[in-house]
Amino acid sequence: MKRFYVTMAFTVAAFAFAAAQLPAYRNASLPLEERVEDALSRMTLQEKIGVIHAQSKFSSAGVPRLGIPELWMTDGPHGIRPEVLWDEWDQAGWTNDSCMAFPALTALAATWNPDMALLYGRSIGEEARYRKKDVLLGPGVNIYRTPLNGRNFEYMGEDPYLASRMVVPYIKGVQQNGVAACVKHYALNNEETLRHQYNVVVDDRTLYEIYLPAFKAAVTEGGAWAIMPAYNLYRNEHAAQNKRLLNDILRGEWQFDGVAISDWGAVHDTRSSITQGVDMEFGTWTDGLSMGKTNAYDAYYLAQPYMELIEKGEYTTRELDDKVRRVLRLALRTAMDAGKPLGSMNSPEHAEAARRIAGEGIVLLKNDGGVLPVDLSRKPTIVVVGENAVKMMTVGGGSSSLKVRYEISPLDGLRKQVSTQGTVKYVRGYVGDVGGSYNGVQSGQDLNDSRTADELIAEAVEAARSADYVIFVGGLNKSEHQDCEGADRTELGLPYAQDRLISALAKVNPRMVVVNISGNAVAMPWINQVPAVLQGWYLGSEAGNALADVLIGKVNPSGRLPFTFPVKLEDAGIAPMPQLQHPADTVDVVYEEGLFVGYRGMDKRRVKALFPFGHGLSYTTFAYGKPVLDKKKMTADDTLTLTLTLTNTGTREGEEVVQLYIGDKKSSLPRPAKELKAFRKVKLAAGESREISFTIDRAALSYFDDNAHRWVAEPGAFEAIIAASADDVKAKVPFTLE
Ligand code: BGC
């Protein structure tokens with residue numbers, strides 16, 4: 001025993017001695033900041049300049065002399081992007097880079113379940129780590145302002161509170177793997193049209209109450225190690241060189257210690273980048289999508305031109321050192337973290353996670369007469385109609401496009417699960433986008449079909465006539481002007497004559513289910529003709545399995561809409577994007593609606609939604625007991641507790657999302673009628689009851705006073721509103737703030 005202790009003591013001493021011999025920056029037992037300062041002190045000017053801009057499409061140089069590694073970035077946010085050539089967007093042709101596609105972030109937000117966000121982050125972080133990536137370019141938390149935004153599918157919906165609660169665990173999950181989450185696109189990047197040229201004009205209240213909270217939560221609660229300034233302008237400065245957004249708010253108010261990594265091609269100038277810009281410059285002289293200038297890295301704004309200004313004495317290294325410190329911090333947290341996990345790729349656990357998240361995110365919008373779930377005991381004949389039942393959805397849409405190990409289509413998923421318990425027949429119904437390739441990744445599908453819409457509809461109607469169920473799978477896809485980066489949608493309606501097809505099918509068969517695949521709201525002029533509608537999102541590799549789980553009732557739907565479905569585009573209350581007069585100009589986009597985005601706007605204008613924010617049905621039913629507040633008055637630093645009993649009144653287990661909104665009855669500034677301030681997803685067995693409670697604090701009552709530049713909870717009358725959606729209020733409980 002004694003010998004053991006002596007040997008142990010020697011070993012510990014030997015390690016301590018070895019550690020003491022290491023330069024401080026390599027000694028993991030020292031505090032992070034000490035290591036950063038040590039590394040910085042050893043770097044030459046050239047080496048410093050070398051680490052603050054790209055060396056290839058997705059990497060930055062390290063410091064070879066000091067063993068400080070390169071940093072590798074990857075899109076994000078739904079899976080790990082395949083390898084591209086050093087200097088091009090084209091595929092590198094690797095054979096080990098096919099990933100698991102997780103559901104799009106709209107689907108994640110629709111779970112209303114922060115545990116799913118943690119599972120998502122952890123899983124995608126493991127994939128990134130296994131692929132030796134240090135920064136995951138995601139998640140995206142831009143607020144869903146208009147249903148036309150081509151990138152809404154990559155974001156977490158219209159509500160700042162929901163997006164904040166979902167983004168924090170995602171980031172934590174990713175970063176547990178020694179991979180930085182890079183939250184994007186900071187800020188006000190709410191449209192794709194003219195994305196490099198529009199200048200957002202927004203008042204401070206709206207900025208702080210609607211557009212910043214999810215970014216703030218990502219930084220201050222999620223501890224994000226990186227953030228991506230966007231393409232657009234705000235206060236006439238590009239977001240990547242924006243004093244207010246970067247210096248005042250991000251680094252000042254939120255004390256961000258991480259790296260601001262420019263969006264690809266978002267930097268436009270050296271001087272302002274030095275003093276108020278990003279810490280790392282990527283993708284300059286590319287359009288961020290497909291075009292790019294070759295080998296221009298030395299000419300980047302934060303490369304040679306910056307060095308020359310320092311050499312000329314116009315700048316000291318003060319700003320440079322701050323940027324380099326941030327990059328070193330990033331390296332130490334990721335690539336240089338010797339204890340980081342190994343990661344994993346395409347594991348059964350990742351497949352399981354993708355399927356679970358997708359299943360929880362699917363929203364049952366309508367289910368008249370209990371058409372769903374499909375009753376397999378009757379050995380039904382099911383006719384599946386529509387291109388989206390077979391089309392691969394992981395290829396396309398812009399930078400989030402993936403090369404997947406596999407993708408289960410809705411048709412295959414359904415066939416697999418129905419198996420011998422019924423018959424599944426497929427007809428095309430409509431032809432949409434037959435492309436199937438993005439940046440050199442091919443879906444390998446031949447979807448060409450030269451028949452006219454009339455011919456396709458006639459065929460589908462014939463097949464549908466005698467079926468026990470008709471399941472139409474349509475919606476948008478990730479081609480240009482559908483749900484796609486770089487271009488917005490042009491209408492709320494469904495493309496490719498789908499409305500006509502759906503109406504025709506509904507006429508001949510009353511047992512009709514519409515599965516809408518999209519990352520955006522769509523118009524449903526046929527809504528009264530069909531009994532059941534599911535919102536399907538872009539669900540990733542496990543899409544078909546997850547959809548079939550819900551269709552046949554293996555999974556009881558529990559998703560809730562993270563954004564409003566308006567009846568028609570005008571109901572969204574967002575002015576159309578202005579035209580550009582001259583190609584080189586910028587154009588102001590004025591957020592005239594202010595705070596009144598999504599349900600806040602619907603409430604104010606008293607417009608009824610087709611399907612409201614927070615809406616979603618289940619195969620079971622729930623009864624809400626009377627909510628009770630522990631006190632009727634709240635004082636200075638007090639909180640209130642609201643309690644209610646929820647009962648599953650149906651015959652099967654299910655999950656309900658109880659939503660708490662707060663309404664300020666009288667305030668000196670205009671406020672939305674109600675705002676989401678808490679929610680809880682509750683799983684109950686058939687017949688089970690549970691008491692649930694919410695804490696209401698001052699933050700839940702506050703608005704941003706733009707004159708005083710602070711959050712204010714104004715004394716007066718409030719109400720706590722318990723609801724199952726923005727339009728399904730169960731009870732209101734009044735209280736006052738003293
Ligand atoms: C997109 C980013 C993306 C980057 C790198 C840009 O076009 O806006 O979201 O991370 O390209 O692919």
Side-chain angles (χ1 to χ4, degrees), residues 53-60 71-92 97 99 104-106 124 128 131 133-142 149-156 167 174 179-198 215 218 224 226-233 238-240 259-268 278 280-293 300 395-403 438-441 478 480 483-488 519:
H53 60 84
Q55 62 166 2
S56 76
K57 272 280 179 281
F58 282 100
S59 72
S60 59
L71 292 174
W72 282 84
M73 325 279 147
T74 179
D75 284 299
H78 307 142
I80 308 309
R81 187 176 177 150
E83 300 295 334
V84 298
L85 293 171
W86 186 258
D87 218 13
E88 313 292 334
W89 293 103
D90 290 341
Q91 296 305 293
D97 57 351
C99 70
L105 292 191
T106 32
I124 195 172
R131 293 260 353 103
K133 304 301 179 192
D134 304 303
V135 180
L136 178 76
L137 304 175
V141 289
N142 294 91
N149 180 12
R151 289 190 92 171
N152 277 337
F153 72 101
E154 292 185 67
Y155 302 141
M156 296 195 185
V167 73
V174 170
V179 174
C182 181
V183 187
K184 62 196 192 183
H185 304 91
Y186 181 68
L188 302 162
N189 188 183
N190 306 103
E191 265 158 296
E192 287 300 286
T193 310
L194 305 174
R195 63 180 178 163
H196 296 270
Q197 282 149 302
Y198 69 81
F215 288 105
I227 197 165
M228 181 187 285
Y231 285 132
N232 53 281
L233 301 92
H238 278 102
V259 181
I261 298 174
S262 77
D263 199 347
W264 269 231
V267 175
H268 298 270
V278 294
M280 291 179 108
E281 178 187 1
F282 275 82
T284 301
W285 296 297
T286 80
D287 67 347
L289 282 176
S290 54
M291 294 178 312
K293 192 165 149 182
Y300 270 34
V395 179
S399 57
S400 62
S401 180
L402 296 170
K403 174 173 144 192
Y438 191 82
N439 276 168
V441 175
K478 293 185 181 169
E480 203 174 28
D483 278 329
C484 185
E485 181 180 338
D488 291 318

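Whatever order the structure lists them in is the order used to number ligands and atoms, beginning at 1. Predicted model only: the values in this text are computed from it and were never measured. Below, all heavy atoms of this structure are taken into account, side chains as well, without hydrogens, waters or symmetry copies.
- Contact atoms of ligand 1 toward Leu137: 10 (O) (distance under 4.0 Å to a heavy atom of the residue).
- Contact analysis leaves Phe282 out of contact with ligand 1, as no non-hydrogen atom separation drops below 4.0 angstrom.
- Under the 4.0 angstrom criterion for non-hydrogen atoms, Arg195 is in contact with ligand 1.
- Within the structure, the closest approach of Glu485 to ligand 1 falls below 4.0 Å when heavy atoms are considered.
- The N/O atoms of Tyr231, backbone and side chain alike, include one that comes under 3.5 Å of an N/O atom in ligand 1.
- In the candidate list Asp263, Thr286, Leu136, Asp263 is nearest to atom 4 (C) of ligand 1, counting heavy atoms.
- At a threshold of 4.5 Å between non-hydrogen side-chain atoms, the residues His78 and Phe153 count as touching.
- Checked by distance only, ligand 1 and Lys184 come closer than 3.5 Å through their nitrogen or oxygen atoms.
- Interface of Arg81 with ligand 1, defined as ligand atoms under 4.0 Å from a residue heavy atom, comprises 12 (O).
- Between the side chains of Tyr198 and Asn189, at least one donor N or O lies within less than 3.5 Å of an accepting N or O.
- Counting only heavy atoms from C-beta outward, the side chains of Tyr300 and Gln55 never approach each other to under 4.5 Å.
- Per-residue contacts place Met228 under 4.0 angstrom from the following atoms of ligand 1 (heavy atoms of the residue considered): 10 (O).
- For the side-chain contact (heavy atoms from CB on, under 4.5 Å) with His185, the qualifying choice from Tyr155, Tyr231, Phe215 is Tyr155, the only one to do so.
- An N or O contact shorter than 3.5 Å is missing between Trp89 and ligand 1 by distance.
- Those atoms of ligand 1 with a heavy atom of His185 less than 4.0 angstrom away are 2 (C), 8 (O), 9 (O).
- Scanning the protein heavy atoms around atom 3 (C) of ligand 1, the nearest turns out to be Asp75 OD1, 3.2 Å.
- Expressed to the nearest 0.5 Å, how far CG of Asn190 lies from CG of Asn142 amounts to 5.5 Å.
- Of all atoms in ligand 1, numbered sequentially from 1 with element shown, those under 4.0 Å from a heavy atom of Arg151 are 1 (C), 2 (C), 8 (O), 9 (O).
- Atom CG in Asn232 sits 11.5 Å away from atom CD in Gln197 (nearest 0.5 Å).
- None of Arg81, Glu88, Gln91 except one satisfies the side chain to side chain donor-acceptor pair (under 3.5 Å) rule with Asn439; the exception is Arg81.
- With respect to Ser399, the side chain to side chain donor-acceptor pair (under 3.5 Å) criterion is satisfied by exactly one of Arg151, Glu154, Lys184: Arg151.
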